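Everything numeric in this text was worked out from a predicted model, so none of it was measured.
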Amino acid sequence: MATVQDKPNVGELLEGISHDLKTIATDELELAHDKLTSFLEGLVAKAGLAILGATVALIGLGMLCTVVVIIAEPLVHPLWLRLLVMAMFYLATGLTIAVVYARRLAALHGPDLHKQLSEVGDTLDAVSEGLRH
């Protein structure tokens, strides 16, 4: 049986609780930092691959348009007209691909991105609130 002398005083209890809250807050901040870091690393890697793929595709499309300009010489004699037609085709194709890709990307990652960022924000708000009290 515990006696009155064995009970910790209020100061020791508050000190223990304070230490535990600091430990929890530090762990939460580390978890939020790690989650945000891994998310941003993945995002940067995906964006880099997308930019590289788009660059290669646009260069290839430009080369194909150049070939079509040369091949179309018997059908359309003025060079400027052939170049203008293929430039318009090139711009229209590139714009269409960019719009389709942007919509797919927004549909696939839009809600998840907002959810992940809001979770990180909620965690940081909770930790900040815990540290204030």
Side-chain angles (χ1 to χ4, degrees):
M1 223 179 198
T3 63
V4 175
Q5 296 171 355
D6 294 334
K7 290 184 181 179
N9 63 25
V10 174
E12 290 174 352
L13 288 174
L14 289 176
E15 185 178 325
I17 291 170
S18 165
H19 180 268
D20 291 345
L21 284 175
K22 286 180 184 177
T23 302
I24 291 170
T26 302
D27 291 345
E28 286 292 324
L29 283 173
E30 288 176 8
L31 286 172
H33 178 265
D34 292 345
K35 186 174 182 177
L36 186 59
T37 300
S38 66
F39 171 75
L40 289 176
E41 286 174 352
L43 185 65
V44 167
K46 288 177 186 177
L49 287 174
I51 290 170
L52 178 64
T55 302
V56 170
L58 287 175
I59 290 170
L61 182 61
M63 295 173 109
L64 289 173
C65 288
T66 304
V67 169
V68 171
V69 166
I70 295 168
I71 292 172
E73 197 267 330
L75 300 173
V76 180
H77 293 290
L79 177 61
W80 66 269
L81 185 58
R82 287 180 279 151
L83 287 172
L84 179 65
V85 169
M86 289 315 296
M88 298 302 273
F89 173 77
Y90 183 82
L91 287 173
T93 304
L95 182 63
T96 302
I97 291 170
V99 167
V100 168
Y101 183 74
R103 286 185 181 166
R104 281 190 187 170
L105 193 61
L108 291 176
H109 300 291
D112 291 342
L113 175 62
H114 293 297
K115 180 182 175 191
Q116 291 173 355
L117 291 177
S118 70
E119 286 177 358
V120 170
D122 292 345
T123 301
L124 292 175
D125 290 343
V127 169
S128 298
E129 185 67 29
L131 290 175
R132 277 188 237 138
H133 294 291

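- Proximity of Leu91 to Leu95: side-chain heavy atoms (C-beta onward) are nowhere separated by under 4.5 Å.
- Both Val68 and Leu79 belong to a single network of hydrophobic side chains, linked directly or stepwise wherever heavy atoms of I, L, V, M, F, W or Y lie under 4.5 Å apart.
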message: Under the criterion side-chain contact (heavy atoms from CB on, under 4.5 Å), I'd like the reasoning laid out for Glu41 against Thr37: C-alpha separation, chi angles, the key distance, then a yes or no.
response: CA-CA 6 Å; Glu41 286 174 352; Thr37 300; 3.6 Å; yes

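- Atom CD of Glu73 has more than 12 neighbouring heavy atoms from other residues, nucleotides or ligands inside a 6.0 Å radius.
- Considering only heavy atoms from C-beta on, Val99 comes within 4.5 Å of Arg103 through its side chain.
- Under a hydrophobic clustering in which Ile, Leu, Val, Met, Phe, Trp and Tyr are joined whenever their side-chain heavy atoms come within less than 4.5 Å, directly or via other members, Val76 and Trp80 fall into the same cluster.
- In this structure, the side chains of Arg82 and Pro78 stay at 4.5 Å or more apart for every pair of heavy atoms.
- Asn9 places none of its side-chain heavy atoms less than 4.5 Å from the side chain of Leu13.
- Side-chain atoms of Thr96 come within 3.5 Å of backbone atoms of Ala92 as a donor-acceptor pair (strictly under, hydrogens ignored).
- Qualifying side chain to side chain contact (heavy atoms under 4.5 Å, CB included) partners for Thr23, counting only residues two or more places apart in sequence or in other chains: His19, Asp27.
- Atom CG of Leu14 is separated from atom CD of Glu12 by 10.5 Å, given to the nearest 0.5 angstrom.
- Proximity of a side-chain donor or acceptor of Ser38 to a complementary backbone N or O of Lys35 within less than 3.5 Å is detected.
- One finds the CG atom of Leu21 at 10.5 Å from the OG1 atom of Thr26 (value rounded to the nearest 0.5 Å).
- Neither Met86 nor Leu64 shares a network with the other; the hydrophobic side chains, linked directly or stepwise wherever heavy atoms of I, L, V, M, F, W or Y lie under 4.5 Å apart, form separate groups for each.
- Under the 4.5 Å side-chain contact rule for hydrophobic residues, Val85 and Val69 do not share a cluster.
- Put simply, the residue from Val56, Thr93, Thr66 that forms a side-chain contact (heavy atoms from CB on, under 4.5 Å) with Leu61 is Thr93.
- Using a 4.5 Å heavy-atom cutoff, the side chains of Val67 and Met63 are not in contact.
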